[in-house]
Amino acid sequence: MGERLALWYREQGEYVTGALFGLVALDIFMFLVHCIIERTTAGYSLTTLVITLGLFFVAYVERLYGEQEAAH
């Protein structure tokens with residue numbers, strides 16, 4: 001199972017990275033809309049942004065490392 005998942009991620013990893021980037025952009029957009037409507041940052045949790053940013057950077061660095069490894 002682990003090998004199948006690794007193979008799937010190697011083939012579809014750019015979609016995962018793109019989806020995480022989309023989630024980050026959506027969360028930032030929602031935060032800005034909240035700030036415009038409410039005129040304050042209070043009441044909006046940035047927890048999802050922190051978690052999604054962490055996952056995005058891990059996936060992005062892994063993707064760069066995989067491309068570098070494939071080049072050698």
Side-chain angles (χ1 to χ4, degrees):
M1 170 113 176
E3 286 183 28
R4 286 189 355 210
L5 182 61
L7 179 62
W8 174 84
Y9 184 74
R10 270 189 243 118
E11 293 174 355
Q12 306 297 327
E14 60 197 34
Y15 294 114
V16 173
T17 306
L20 289 171
F21 176 77
L23 286 174
V24 168
L26 178 65
D27 202 17
I28 291 172
F29 175 75
M30 289 173 28
F31 175 69
L32 292 174
V33 168
H34 173 80
C35 290
I36 291 170
I37 292 173
E38 300 292 325
R39 298 181 193 258
T40 182
T41 59
Y44 191 87
S45 176
L46 293 175
T47 304
T48 56
L49 181 63
V50 172
I51 292 170
T52 309
L53 271 173
L55 291 172
F56 171 71
F57 283 126
V58 167
Y60 183 71
V61 167
E62 195 282 329
R63 192 82 181 145
L64 287 177
Y65 178 74
E67 288 175 2
Q68 182 184 25
E69 191 175 276
H72 286 117

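Computed over heavy atoms, backbone and side chain alike; hydrogens, waters and symmetry mates excluded.
The CG atom of Leu53 lies 4.5 Å from the CG atom of Leu49; values are rounded to the nearest 0.5 Å. Distance check, rounded to the nearest 0.5 Å: CG of Leu46 to OG1 of Thr52 gives 11.0 Å. To the nearest 0.5 Å, atoms CG (Asp27) and NE2 (His34) are separated by 11.5 Å. Here Leu20 contributes atom CG and Phe57 contributes atom CZ; the two are 11.0 Å apart, rounded to the nearest 0.5 Å.
Hydrophobic clustering, with ILVMFWY side chains joined whenever heavy atoms are under 4.5 angstrom apart, keeps Val58 apart from Val50.
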Where do Thr41 and Phe31 land on the side chain to side chain contact (heavy atoms under 4.5 Å, CB included) test, with the steps shown first?
CA-CA 8 Å; Thr41 59; Phe31 175 69; 3.8 Å; yes
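What you find for Ser45 and Thr48 is that their closest heavy atoms are O-OG1, 4.4 Å.
Applying the 4.5 Å side-chain rule to ILVMFWY residues, one finds Val33, Ile37 in the same cluster as Phe29.
The neighbour count for Tyr44 OH, taken as heavy atoms of other residues, nucleotides or ligands under 6.0 Å away, is above 12.
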